[in-house]
Each structure stands twice: as structure tokens, then as C-alpha cells.
Peer 1: 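Starting off with a structure, shown below.
Values in this document were obtained by computation on a predicted structure and should not be read as measured data.
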Amino acid sequence: MNASQPTSRVRIVQFNPLVGDIAGNAEQVIAALATARAEGIDLVVFPELALTGYPPEDLLLRPECAERVEAALARIRAASAGITLVLGYPRTAVGGLFNVAGVIRDGETVAEYAKQALPNYGVFDEKRYFQPGTLAGVFEHRGLCVGLSVCEDIWQEAPTRQAVEAGAQVLVNINASPFHAGKRAEREALVARRAREHGVTILYANLVGGQDELVFDGASFAVDASGRQVARAPCFDEAALDLVLDAAGVPAAARADVPRPQPLDDEAAIYRALVLGVRDYVRKNGFKGAVLGLSGGIDSALTLAIAVDALGADRVEAVLMPSRYTADISNEDAFEEARRLGVQAYQLPIGPAFDTFLGMLEPVFAGAPADVTEENIQARCRGVLLMAISNKRGSILLTTGNKSEMAVGYATLYGDMAGGFAPIKDVPKQLVYRLARYRNREVEVIPERVITRPPSAELRPDQTDQDSLPPYDRLDEILRRYIECDEGVAAIVAAGYAREEVERVARLVDRSEYKRRQAPPGVRISARAFGRDRRYPITSGF
């Protein structure tokens, strides 16, 4: 056969499963097969654990999970006449449970490959559930020898080498690779290097969508044997990426009528991840919409913009809850942002509730000076109001705290921490400002004064954040080193920061673990977020 003759039309299906909805995910697969077959596609590639969604966690330990997977696979096999697909699913076999890439064609499973490199760091916990495979997986497709690998396998050299030694001309790598800032460039560089090292075309298929705190960004792609990227799917959207392979496995062409997506800059990628994370958390958990407290500050302003972009203005409500310490300009700015975004806004002053609580507590607090207790009572008044609206509407309450605040405990339990989801929980304060500027590039939805005013909780007269915290440029860098890089106090001081300040910040981080353990989940956008990434004891003498 002439090596330049096209031999296979391949489609990578970058789709958004619902974890645990095995029957529903199977229906998505079957519908995608029908469309592909009608359009002349002969090989369809789906992501890692596409049937269960990722990560299925302890659902994998339930006996009926395996039963549902087998029933779904039977339906998919019945729908596979005249087409070949590569699909990720869990498989129980001799030796335990395996994370499998299976090949189905004309009603039969013709090959299965078990993932060899099981990640057990950061957000990954695969050794809890799976046993590693040991053998190469290859199959024949229209004269081509196609190799299989699953996600982490591509980050290790041995599984790719093993597939090539088994004859693979093309390697299909199926993934559930979660987003964090800079991750797309890392994976594309790594896959290009593997292609050059082994002289093979690599097809990289990735999940898309939000799952609790994780967001999967898609961005599936293909590289030729020189490492040159020949096709890429968009980030953060479901998509079908088509390409043609010739008889030697060389990508001959990508589909001409699909424009090649432009790479996103850091702020754009992070903002898209936040929007997708909120949208899918609300949608997949069946909430009617979202409600949040709008203070006139930068954090709630950014959170409102994200919520509107995720859900639409008609599904978002904003509540202003001024206290006796709230500046008039805070209310003005909050109403103005709601107006610009087309959101219904209510004003519910907390003064009457605050006064009532103080009156009730007066016999207990007699003679005690006012302190942070009174500030926290105000925050908790707001939490009660917001949760009441959330309950009545069937909408989720979005909290508005950022990573800098969560790190040092600059938040009130059962007050501003009350809620169901925390969109900017992993966004440091300085990045909050950059994202606000990014969102305002085309249309200014966040008033300029909100961005330029000194941040304040407005819980006592003339309060600013810097009364309690170091300036955010220093604080965020100390936190990055201490939390994301695991640097100790001595190393951070050696980098040029004052010892007293570093020790204080580290002490605040350590003491606030109990608060973070009670915080709602939020979108992960960094390589080290609070939650699955960072598991520290609450009680510790370290």
C-alpha cells in the first residue's frame, strides 16, 4: 500500500461525563459513535474512565459499579457495528481492579490495556483502587499497529517504549488530566518529547468538565513523529477533533473546516476554568441557580462576574447586607456591578439582627470589651440571611473568599465561609485583581473603583485588610512558598522576607487548618490547592 494513501479517519471525542452516571455516560458514547459513523469516521477515541467519569473514588469499591460498567459495555458493543473505538473504563480481572483502555469493534472487545503508572500524589489516589498493568497493549486498525497508554503512562518513558517495541506506529494516550495554571504547556511539551524519542504519532485525548474542585480542560491534541502539533481541540469545551492518518500512521490532515483554537493566556485560562467549574458544579448537582453576598469589594465582584458567565444573569441573585460600618460607596459599587451584569440585587441591612444578637448576649458579655467577636457576629448574620435565600430558592450559595484569606484564616466560620461552593478559593488576592482586569477587557462589568480601593471587611470603623495582614504582594509570595513549594520559615527568610512576618504568616496558616476543613469545596486552579492536594492534620505539634 502506498504510504501516502489515507488509511484512517480518526476522531478524538472530548466530552464531559457525570461521575457515577455510567448509563448516561454510555449513552453519550453511543450517540457519539452514531454521529461518527454517519460522518465516515472509522476510529473514535474517548478519554480515561469515560464510562464512570473521573475520579470515581470509592464508587469503585461498590460491587454494583462493576455490574453497571459491564451492562454499559454490552450496550456499547452492540452499537459498534462498522466502527472501532478506544474507551476508558474500570475492569475487574484476575489480580484486582484495573484502569483500562479497551478497544471495541463490531460488537467485540478486541483488546484491553491496563494502566501501568498509577499516580498517587497531589489530587490523585489511584493506588487506593487500582492494580498496575504490566503488558503492552496494541491492536491492528486498517493496516496500522496502534498502541495504547493511559494518562500517567505518558509521563513515564517505559510504557511508550514498550508499546513501540510491540510494533506501535501510532500511540493513543487517553487522559483525565485536571487543569492547573501552566499544565497545558507542560503536557504538550512532554508528549512532543515522547513522540520524538520514539518516532511515533501520538493522539492525546482528554476529559473536559468540572468535577467537585477539579476542572478538566480538554485541549486534546495530536503530534506527529517529529513532535510537531498537527491538531488541537479547544480548551474547556466539549469537542470532536478529527484527523486523517496515512498507511504509515503519519497525520495527513486535520479537518479543514474546524478553525485551530488559539492558545489562552494565563488569566484567560484560569477564568475559563473558574467559569466551567461553577457551571458544572451547579448543573451536575441540580441547583436552580446561585446566590451570593455582594459587598462592593473585589472578591464578591469577581465571584459575581464568574457566576453570571457560568449560569446567566437570570439564574444569579446578589444580596447586599450593609452594616453600620459599610461605606456608601460600597453599596453604590455593588448595585452598579449588579446593574451592569443584569443581576437582580436586594439590600437587606443586618443592623436589626446584629442589635438583637448583642441584646441577647448582653448578660453574658457584660463588662467585656468589643473585639473580633462582634465582627464575627455581623458575618454570621449575613450567613443566616444568605442560607435562608439559598434554601428558599433552591439555589446554591457561593462564598467569595480567596486563597490568601483561606490560608491565614481571615474569614468567619458559619459567616462568610457559609455556603456550598467557593469559586475563588484557590485564587490568591493579587490574582483576583488580575482576573478582574481580564474580565473588564472587553466590557467593564466591575467598576474601576472596586479594583482600586483598598480592600476591607468593613466590620469596624475605618478597617482595611492591612490592619490584620501584611500587604498582599508580600503575603501572597510568602504563602506561595510556604504552601505550594513547602519551603520552611528559614528558607523564606533567606529569600529576603522579615523573619517576624514569615513566622506570623506560617503560624496563621497552621492554626487555620480547622477552618479550611469546614470550608466548602472550590475550583482548583493551582498546582497545590487546599483540599485534595494538601492534607494536613488539624491537631499537630509539628
Peer 1: Using only heavy-atom distances, determine whether the side chains of Gln518 and Tyr414 contain a donor-acceptor pair under 3.5 Å.
Peer 2: yes
Peer 1: For Asp328, I'd like to know if atom CG has over 12 heavy atoms of other residues, nucleotides or ligands within 6.0 Å.
Peer 2: no
Peer 1: With a 4.5 Å limit on heavy-atom distance, are the side chains of Gln347 and Met321 in contact?
Peer 2: no
Peer 1: Ignoring hydrogens and angles, state whether a donor on the side chain of Tyr497 or Arg474 is under 3.5 Å from an acceptor on the partner side chain.
Peer 2: no
Peer 1: Mind checking whether Val230 and Arg228 have side chains closer than 4.5 Å, heavy atoms only?
Peer 2: yes
Peer 1: Please check: side-chain N/O of Asp212 versus main-chain N/O of Leu214, any donor-acceptor pairing under 3.5 Å?
Peer 2: no
Peer 1: Between Phe130 and Phe98, is the ring centroid distance below 6.0 Å?
Peer 2: no
Peer 1: Less than 4.5 Å apart, side chain to side chain, heavy atoms only: is that true for Asn175 and Pro47?
Peer 2: no
Peer 1: Go through the steps for Ser177 and Phe216 under the test side chain to side chain contact (heavy atoms under 4.5 Å, CB included), then give the verdict.
Peer 2: CA-CA 6 Å; Ser177 178; Phe216 300 90; 5.6 Å; no
Peer 1: Got Pro55 and Arg532 here, is their nearest side-chain heavy-atom distance under 4.5 Å?
Peer 2: yes
Peer 1: Once side chain to side chain contact (heavy atoms under 4.5 Å, CB included) is applied, do any residues pair with Glu157, and if so which ones, sequence neighbours excluded?
Peer 2: Arg161, Arg194, Glu197, His198
Peer 1: Looking only at the side chains, is there a donor atom on one of Ser300 and Ser295 sitting less than 3.5 Å from an acceptor on the other?
Peer 2: yes
Peer 1: With a 6.0 Å cut-off (strictly less than), is the heavy-atom count around CZ of Arg534, excluding the residue itself, greater than 12?
Peer 2: yes
Peer 1: With no hydrogens and no angle check, do the side chains of Glu238 and Gln14 hold a donor and an acceptor under 3.5 Å apart?
Peer 2: no
Peer 1: Decide whether Lys403 and Ser526 meet the rule of one side-chain donor and one side-chain acceptor closer than 3.5 Å.
Peer 2: yes
Peer 1: Return yes if a side-chain donor-acceptor contact under 3.5 Å exists between Asn16 and Asp280, otherwise no.
Peer 2: yes
Peer 1: Taking only residues two or more places apart in sequence or in another chain, which ones pass salt bridge (charged side-chain N to carboxylate O under 4.0 Å, His left out) with Arg196?
Peer 2: none
Peer 1: Is there a side-chain contact between Arg439 and Val445 (heavy atoms, below 4.5 Å)?
Peer 2: yes
Peer 1: For Arg517, what residues pass the side chain to side chain contact (heavy atoms under 4.5 Å, CB included) criterion, not counting sequence neighbours?
Peer 2: Glu513, Ile538
Peer 1: Given the ring of Phe236, does Arg272 sit roughly above its face, with NZ or CZ under 6.0 Å from the centre of the six-membered ring and within 45° of the axis?
Peer 2: no
Peer 1: Could you check whether the rings of Phe15 and Phe46 sit parallel, tilted or perpendicular, using 30° and 60° as the cut-offs?
Peer 2: perpendicular
Peer 1: Assess, by modelled atom type and distance only, whether the side chains of Tyr346 and Glu317 contain a donor and an acceptor separated by less than 3.5 Å.
Peer 2: yes
Peer 1: Are Arg339 and Phe335 in a cation-pi setup, meaning NZ or CZ lies under 6.0 angstrom from the ring centre and within 45 degrees of the ring axis?
Peer 2: no
Peer 1: Can you name the residues that form a salt bridge (charged side-chain N to carboxylate O under 4.0 Å, His left out) with Asp486, not counting sequence neighbours?
Peer 2: Arg528
Peer 1: Is the side chain of Ser330 donor-acceptor paired with the backbone N or O of Thr326 at a distance under 3.5 Å, no angle test?
Peer 2: no
Peer 1: Between the side chains of Asn206 and Ser220, does any donor sit under 3.5 Å from an acceptor?
Peer 2: no
Peer 1: Taking the ring of Phe354 and the ring of Phe357, is the distance between their centroids below 6.0 Å?
Peer 2: no
Peer 1: Using a 4.5 Å cut-off on heavy atoms from C-beta on, say whether the side chain of Asp426 contacts that of Phe530.
Peer 2: no
Peer 1: Using modelled atom types and a 3.5 Å cut-off, is there a donor and acceptor pairing between side-chain atoms of Lys183 and backbone atoms of Asp217?
Peer 2: no
Peer 1: Looking at residues at least two apart in the chain, or sitting in another chain, which of them share a salt bridge (charged side-chain N to carboxylate O under 4.0 Å, His left out) with Glu152?
Peer 2: none
Peer 1: Distance alone, cut at 3.5 Å: any donor-acceptor contact between the side chains of Tyr482 and Asp510?
Peer 2: yes
Peer 1: So that I can tick it off, tell me whether Arg504 and Glu501 are bridged by a salt bridge, with the cut-off set at under 4.0 angstrom between side-chain N and carboxylate O.
Peer 2: no
Peer 1: Any donor-acceptor pair under 3.5 Å linking the side-chain atoms of Asp333 with those of Asn331?
Peer 2: no
Peer 1: Under the side-chain hydrogen bond (donor to acceptor under 3.5 Å, both in side chains) test, which residues partner Tyr129, sequence neighbours left out?
Peer 2: Asp58
Peer 1: Is there a donor-acceptor pair closer than 3.5 Å between any side-chain N or O of Glu484 and the backbone N or O of Arg481?
Peer 2: no
